[in-house]
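The sequence lines fix the lettering, A, B, ..., with proteins before strands; numbering per chain opens at 1.
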Amino acid sequence: MANDTNRKKKPIKLATKSEHVQRFMPMLEALDAKDDLNPVTKNRVEKACALLDEGVDIYPNDFRRDTYIKDIIETYGEHSGKKLEELDKEFSIAGRVMAWRSFGKATFFQVQDRTGRMQAFAARDDIGADIYKLFKKTDVGDIVGIRGKLFRTKTDELTIAVVEFKLLTKSMRPLPEKYHGLKDVEIRYRQRYVDLIVTPRTKEIFKARTAIVREMRDFLDERGFMEVETPMMQPIPGGATAKPFETHHNALDMKLFMRIAPELYLKRLLVGGFEQVYEINRNFRNEGISTQHNPEFTMLEFYWAYANVYDLMDLTEDMISRIAQKVCGTTVVHYQGHDVDLTPGKWVRMTFHDSLEKIGGVPPEVYTDYEKCKELVKKGGEKVVEGEKLGKLQAKLFDIRVEPKLIQPHFIYHYPTDISPLSRRNEDDPEITDRFELFMVGREMANAFSELNDPVDQRCRFEEQVKEKDAGDEEAHHMDEDYVRALEYGMPPAAGQGVGIDRLVMLLTDSASIREVILFPLLRPEHS
RNA sequence: GGGUCGUUAACUCAGUUGGUAGAGUAUCUGCCUUUUAAGCAGAGAGUCGUUGGUUCGAGCCCAACACGACCCA
């Protein structure tokens, strides 16, 4: 009869006789039920009980630090031992214990706060035998507060000598191995909190991400752009070619879509008279997940009245190079083996057709010929959908033959009108639009165009899209009557652009996967 | 969707031709007042991703599945 489902759990055994153990039973039982109870946690509970028996609070909140570790290192990092002795000043620091080296009657340990890490030292004869005994119940991972004076060890390391020691939070779980660190990327993404504790690079990436977004805001604010927030739940998803997530509002009994882009709302604001607007926020696209794609991702979109696509190229060079300079300290950034030169003036500007010919090796007699194009797309391993327009085939050719080769920054402009339903037509050639995409390291980084503000043309282009939708293209645009109505009031001539923040952060932090730059990337549920 | 690789102790990883499961770190016990991947001596710790198959015998061979990574579409 003994099979797996009937397998009896052994009772949880602990060495401690403390009554305080009752306090931990809900945790222990829950962990045991999930087979997640490891001996370290049991031991931590035993230590916690011993502390509670001595009247020590294991989660107090009455310690106040007065100094960050980085400030101590910056101010006193060069001071000699003698100077530190003369200083005779006490500091209070707080943080997580990251290393522990005990010698019986004296202990070196390392404390990490949000600014850095430093060594601390506690000796039995300095703090007293009773306190030292409790102090020795500290584990790596605990959060502690320390008051003490600075000195230098025999090996000349700046160290804080403990005068007062206080446990602030008892940790119940072991941290990953200290030397190799956390290698399992699944755990790094699922338990980002652990990753942030033990992987310095992770912390650096997200600090850089915040700095990048801050610089972007500063840059745009300086130029008179106004940050706004537009709906993320939309009755008609628009502004991009993508499959949306659907949701439902109960009280209104109404179908809603998570937005795929803020574009149509931001342009309504141009109609309303906000002549320069931007939004930095999440978009949601119901597509596959890869090293380049997360279903929710962050975009900058901005719109600029009385400007055109060429003004945007200049602005983009300035903006991205400035961000790189401020965040990376250089405009030549290293990415996955490439040196990418973001210095303004060095960015290549090339038409879409020229890029097909000069970089993709597709001559005009081929890319202007529907059948030849189709053949070449198929040869490149891409599917051709029945009734697909020439512009779309050209775009596929571009994806296959040109995009991967664009390592240095390239503005590719004059995109086919077929695949640019919101862009203004070029004045000399209605088959192309005043639109560019920005590429580097073989990826699209931004998409921009002079905006279509002719309400009649816009209506016709939506109708074209609706036909494609009816023909089965799930990504085609919907008709948005209200947006057309807004254009009928008159939208000033304008240019607008979207910049993928995640990809920009990848570039500037030399990250190979989008999951490295998103704090909590979407993952499958943990247990099947 | 397709291909390749991976899944072994809490962590990082070995595991030979198919023959009783290994190391380091962490943990526990003892010693240790200047270490810094501290050290020395000892101990405990495993549903080898899951299910099935081949076999006298499977961590290893075969199949399916799950999860993950990378590449391709």
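A perpendicular orientation is assigned to the rings of A:Phe165 and A:Phe135, their planes being inclined by more than 60° (bins at 30° and 60°). Taking the six-membered ring where the residue is Trp, A:Phe436 and A:Phe411 present perpendicular rings, their angle passing 60° and hence far from 30°. Using cut-offs of 30° and 60° on the angle between ring planes, the pair A:Phe398 and A:Phe439 is tilted.
Remark: the separation of the C1' atoms in B:rA66 and B:rU20 is 30 Å, to the nearest Å. A gap of 15 Å separates the P atoms of B:rU34 and B:rG39, to the nearest Å. Comparing the P positions of B:rC65 and B:rC70 gives an interatomic distance of 22 Å, to the nearest angstrom. Spacing between B:rA9 and B:rC48 at atom C1', rounded to whole Å, works out to 10 Å. With both ends at atom C1', the span from B:rG15 to B:rG22 equals 7 Å, rounded to whole Å. Across B:rG44 and B:rG2, the matching C1' atoms stand 47 Å from one another, rounded to whole Å. Comparing the P positions of B:rA26 and B:rA41 gives an interatomic distance of 15 Å, to the nearest angstrom. Remark: the separation of the P atoms in B:rU27 and B:rG49 is 27 Å, to the nearest Å.
Separating the OH atom of A:Tyr132 from the P atom of B:rC32 is a distance of 11 Å, rounded to the nearest angstrom. One interatomic measurement links the two molecules: NZ of A:Lys378 to P of B:rA73, which rounds to 18 Å at whole-angstrom precision. The NZ atom of A:Lys137 sits 14 Å away from the P atom of B:rU27 (whole-angstrom rounding). Remark: C1' of B:rC70 and CD of A:Glu516 are 13 Å apart, rounded to the nearest angstrom. When the P atom of B:rG24 is taken as reference, atom CD of A:Glu177 falls 12 Å away, rounded to whole Å. Whole-Å rounding puts the A:Asp156 CG to B:rU34 C1' distance at 12 Å. In this structure, the CG atom of A:Leu158 is 15 Å from the C1' atom of B:rU35, given to the nearest Å. Distance A:His293 NE2 to B:rC70 P: 14 Å, rounded to the nearest Å.
Distances from the side chain of A:Arg190 to the nucleotides B:rC11, B:rG68, B:rU12 place B:rG68 closest. The side chain of A:His180 lies closest to B:rU12 when the candidates are B:rU35, B:rU12, B:rC71. Here the nucleotide nearest the side chain of A:Asn38, chosen from B:rU12, B:rA10, B:rG68, is B:rA10. With B:rG68, B:rU35, B:rC28 as the choices, the nucleotide that has an atom nearest any side-chain atom of A:Thr159 turns out to be B:rU35.
For A:Lys70, the NZ atom counts as loosely surrounded, since its 6.0 Å shell holds 12 or fewer non-hydrogen atoms of other residues, nucleotides or ligands. Within 6.0 Å of atom CZ in A:Arg147, more than 12 heavy atoms from other residues, nucleotides or ligands are found, so the atom counts as buried in its surroundings.
Under the Watson-Crick or G-U wobble criterion, with both distances below 3.5 Å, B:rG39 is paired with B:rC31. Within the shown strands, nothing qualifies as a pairing partner of B:rG57 under the Watson-Crick or G-U definition with both distances less than 3.5 Å. Across the strands present, B:rA21 finds no partner; the criterion is a Watson-Crick or G-U wobble pair with both atom distances under 3.5 angstrom. In a base pair of the Watson-Crick type (N1 to N3 plus N6-O4 or O6-N4) or a G-U wobble (N1-O2 and O6-N3), with each distance short of 3.5 Å, B:rA66 is matched with B:rU7. Across all strands shown, B:rG1 forms a Watson-Crick or G-U wobble pair with B:rC72, both key distances being under 3.5 Å.
For B:rU34, its base never sits under 3.5 Å from the side chain of A:Glu157 at any donor and acceptor pair.
Note on A:Asn43: every side-chain N or O is 4.0 Å or more away from OP1 and OP2 of B:rU27. In terms of phosphate contacts, A:Arg524 brings a side-chain nitrogen or oxygen within less than 4.0 Å of OP1 or OP2 of B:rG68. Look at A:Arg515 and you'll find a side-chain N or O under 4.0 angstrom from OP1 or OP2 of B:rA69. For the pair A:Lys42 and B:rU27, the criterion of a side-chain N or O lying under 4.0 Å from OP1 or OP2 is not met.
For the pair A:Lys105 and A:Lys183, nearest-nucleotide mapping onto RNA chain B gives the more 5' position to A:Lys183. Between A:Ile187 and A:Trp100, it is A:Ile187 whose nearest contact on RNA chain B lies nearer the 5' terminus.
Here A:Thr41 lies out of heavy-atom contact (under 4.0 Å) with every strand. Using a 4.0 Å heavy-atom criterion, one finds that A:Lys396 contacts no nucleic acid atom at all. Among the atoms of the strands shown, none is found under 4.0 Å from any heavy atom of A:Gly288.
Stacking between A:Phe108 and B:rU35 is present: the aromatic ring centre lies within less than 5.5 angstrom of the base six-membered ring centre, and the two planes differ by under 30 degrees.
Ion pair A:Glu474/A:Lys469 not flagged as a salt bridge, since none of the NZ, NE, NH1 or NH2 atoms sits closer than 4.0 Å to an Asp/Glu carboxylate oxygen. Taking a cutoff of 4.0 Å between a charged side-chain nitrogen and a carboxylate oxygen, A:Lys392 and A:Asp418 do not qualify as a salt bridge.
The main-chain N or O of A:Glu468 is never found under 3.5 Å from a side-chain atom of A:Asp473 such that the two would form a donor-acceptor pair.
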